Amino acid sequence: MNRLPSLSQLPQDRLFRSGDVFVLFGELFGRGYATGLVHEARAAGMEIIGITVGRREKDNTLRPLTDEELAAAEANLGGKIINVPLMAGFDADAPAGEPTPTELLGGMTLQNWTTSTIDWAQVERCRQVGTERFRRSLAEVMEQLEGMVANGRNVFFAHTMAGGIPKAKVFLAIANRIYKGRGDRHMSSQVLLDSDLGKLILQNFDEVSANTFAHLIEGSAGLRQRIEASGGQVRYTAYGYHGTAVLVEGEYVWQTYTNYTQGYAKMKLEGIAQAAWDQGIRATVFNCPEIRTNSSDVFAGVELPLIGLLRSLKQENGGNWAQTQWDTCSNLLADGVTLDALLATTERFHTSEVMRPFRNFDAWPMPNTAAQADLTIGTSDDIVRQHKDPKALITDVLSALVVESTGYLMFHTMANPPGPVLWLNHDIIAQQLNQVHA
Ligand SMILES: NC(=O)c1ccc[n+]([C@@H]2O[C@H](COP(=O)([O-])OP(=O)(O)OC[C@H]3O[C@@H](n4cnc5c(N)ncnc54)[C@H](O)[C@@H]3O)[C@@H](O)[C@H]2O)c1
């Protein structure tokens with residue numbers, strides 16, 4: 001555990017103040033991680049600026065937001081949105097008159113996808129078109145942003161983009177089986193990665209979840225130089241995932257959701273931050289805990305480690321406020337079910353012979369197995385069933401707390417960031433929450 005660069009102390013320095021500019025590089029969703037950062041930026045009195053990924057028409061063309069959509073997005077963000085579509089990935093791009101990667105997948109079926117091949121020269125042409133489109137749009141965004149940031153201001157860029165699942169019917173069915181299938185419906189994630197379909201998807205994940213961070217850092221070079229020359233500072237953050245250390249049998253141990261197919265892209269993201277850091281640019285990837293959001297809900301069982309945060313809240317100097325969180329969560333459980341019983345279930349899950357081999361940092365992201373998928377998904381289902389209402393879960397309460405805490409930790413750590421990659425584990429999250437609510 002010690003070899004992971006993890007935040008171990010609450011940040012003390014302060015940099016951002018009223019009049020500084022916060023730029024959200026991705027759209028804001030109600031439960032999303034970015035709400036925590038936006039909250040801190042607003043509390044510091046910063047001006048908030050956002051972007052949009054745009055919207056696709058039925059004929060696949062990418063358009064900016066309509067006036068109505070823009071007004072709704074700006075109200076949601078509490079700031080101005082630069083209305084140039086920044087959809088990343090090349091799944092729906094192609095040179096004029098040629099098929100897009102999503103169309104190339106159109107002929108695949110659940111019967112033939114493992115042996116179907118893809119024309120890689122065509123994929124490469126599409127990738128270039130998609131990347132060029134993104135970079136051109138980004139240049140337009142930066143041109144508008146230039147006019148919105150005065151000399152001497154500090155600027156905080158928050159990257160949140162992750163995704164890249166192509167809208168191909170066959171893949172939606174496969175994803176359902178890899179991330180949610182048990183027994184007869186189980187599907188091996190390794191079979192996906194060994195297929196042409198899987199290799200294409202990994203490339204698109206790289207584009208969306210990793211390369212966009214590099215494009216952002218490169219595309220804002222002019223702004224960064226002007227700001228730094230005028231006495232301001234520029235920071236970049238991105239959300240990573242590379243497992244989390246959580247309390248298991250009284251100790252913080254690293255564990256991970258399996259199979260995290262996007263893990264290769266997340267490691268690439270870490271590499272991009274490292275390369276920027278080596279050039280003196282303050283860019284930090286924060287590897288964040290598993291929570292439930294619009295994006296993570298496809299991964300059944302991803303929320304299991306989050307339940308252990310309850311124990312950390314008590315262990316890390318928890319007082320009345322920590323007890324209130326226990327009570328709130330306890331009230332969501334069905335009659336006769338206790339939090340202690342639930343925590344014993346997740347502890348059994350983590351320490352089981354099935355899950356132990358997956359605590360292998362060097363082998364990450366490991367492929368799933370039938371037994372592991374069965375246990376992960378089964379435990380998740382069992383826990384949901386022990387609630388009064390399957391739509392009001394203790395992981396909703398705990399996800400919101402993690403969003404709040406990571407927002408604080410990331411925002412203030414960037415005043416004086418210690419390195420390009422930092423894990424935010426349950427210990428520091430519980431410490432921050434206990435301190436701020438004391
Ligand atoms: N939820 C988790 O458990 C978890 C854990 C660690 C890290 N993260 C990371 O946190 C970040 C925010 O995710 P979240 O879970 O809060 O979900 P979210 O759904 O709120 O955010 C996803 C973001 O990705 C953007 N996005 C999606 N597809 C895109 C595309 N094709 N082009 C450009 N942007 C695109 C969206 O606009 C949005 O800003 C992501 O980088 C995610 O990987 C999430």
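Since the structure is predicted, the reported quantities are computational estimates derived from the model, not experimental observations. When a ligand or atom number is given, it counts from 1 through the structure's own listing order.
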task: Would you mind running through ligand 1 and noting each atom that sits below 4.0 Å from a heavy atom of Gly32?
output: 16 (O), 20 (O)

message: Check for me whether Ser399 has a heavy atom closer than 4.0 Å to any atom of ligand 1.
response: no

query: Parallel, tilted or perpendicular: which fits the ring planes of His242 and Trp254, with parallel below 30° and perpendicular above 60°?
result: perpendicular

Residues Asp194 and Gln190: side-chain donor-acceptor under 3.5 angstrom: yes

message: How far is atom 3 (O) of ligand 1 from the closest protein heavy atom, and which atom is that?
response: Ile291 N, 2.9 Å

field: Met46 side, atom CE; Arg42 side, atom CZ - distance, nearest 0.5 Å
entry: 12.0 Å

query: To the nearest 0.1 Å, how far is atom 10 (O) of ligand 1 from its closest protein heavy atom, and which atom is that?
result: Tyr239 CB, 3.2 Å

task: Among all protein heavy atoms, pick the one closest to atom 34 (N) of ligand 1 and tell me residue, atom and distance.
output: Met161 CG, 3.3 Å

- request: May I ask you to identify the nearest protein heavy atom to atom 32 (N) of ligand 1, giving residue, atom name and distance to one decimal place in Å?
  value: Ala88 N, 2.8 Å

- request: Tell me which part of Val302 gets within contact of ligand 1: side chain, backbone, both or neither, using heavy atoms under 4.0 Å.
  value: neither

message: Using heavy-atom distances only, which candidate in Gly163, Ala265, Ala162, Ser209 approaches atom 27 (C) of ligand 1 most closely?
response: Ala162

statement: Within 4.0 Å of some non-hydrogen atom of Val53, the atoms of ligand 1 are 33 (C), 34 (N), 37 (O)

- prompt: Does Leu24 come within less than 4.0 Å of ligand 1, judged by its heavy atoms?
  reply: no

query: Could you walk me through whether Phe134 and His215 pass the ring pair (Phe, Tyr, Trp, His ring centres under 6.0 Å) check?
result: CA-CA 9 Å; Phe134 187 87; His215 296 322; 5.7 Å; yes

task: Mark yes when over 12 heavy atoms from residues, nucleotides or ligands other than His39 sit less than 6.0 Å from its NE2; otherwise mark no.
output: no

message: Is the contact between Thr293 and ligand 1 made by the side chain, the backbone, both, or neither, using heavy atoms and a 4.0 Å cut-off?
response: side chain

- request: Looking only at protein heavy atoms, identify the closest one to atom 17 (O) of ligand 1 and say how far it is in Å.
  value: Ser295 OG, 3.1 Å

statement: ligand 1 atoms nearer than 4.0 angstrom to some heavy atom of Met87 are 31 (N), 32 (N)

- request: Would you mind reporting whether Arg55 and Met87 have side-chain heavy atoms less than 4.5 Å apart?
  value: no

message: Return the closest protein heavy atom for atom 43 (O) of ligand 1 as residue, atom name and distance.
response: Lys266 NZ, 2.8 Å

message: Within a 6.0 Å radius of atom NZ on Lys388, are there more than 12 heavy atoms belonging to other residues, nucleotides or ligands?
response: yes

- request: Between Thr160 and ligand 1, find which residue part has any heavy-atom pair under 4.0 Å and reply side chain, backbone, both or neither.
  value: both

statement: So the atoms of ligand 1 within less than 4.0 Å of a heavy atom of Gly240 turn out to be 6 (C), 7 (C)

task: Answer yes if the ring centres of Phe25 and Phe157 are under 6.0 angstrom apart, and no otherwise.
output: no

message: Hydrogens and angles aside, do Ser189 and Tyr179 bring a side-chain donor and acceptor to less than 3.5 Å of each other?
response: no

message: Students often mix this up, so state it plainly: with edges at 30° and 60°, are the rings of Phe156 and Phe411 parallel, tilted or perpendicular?
response: parallel

task: Check each heavy atom of Pro289 against ligand 1 and say whether those closer than 4.0 Å belong to the side chain, the backbone, both or neither.
output: backbone

message: Please list the nearest protein heavy atom to atom 39 (O) of ligand 1 with its residue and the distance rounded to 0.1 Å.
response: Glu27 O, 2.6 Å

Interatomic distance, Leu202 atom CG to Lys268 atom NZ [nearest 0.5 angstrom]: 11.5 Å

- prompt: What residue and heavy atom of the protein are closest to atom 36 (C) of ligand 1, and at what distance?
  reply: Phe29 CE1, 3.8 Å

- prompt: Would you say Tyr33 has any N or O atom under 3.5 Å from an N or O of ligand 1, going by distance alone?
  reply: yes

- prompt: Parallel, tilted or perpendicular: which describes the rings of Phe299 and Tyr257, with under 30° parallel and over 60° perpendicular?
  reply: tilted

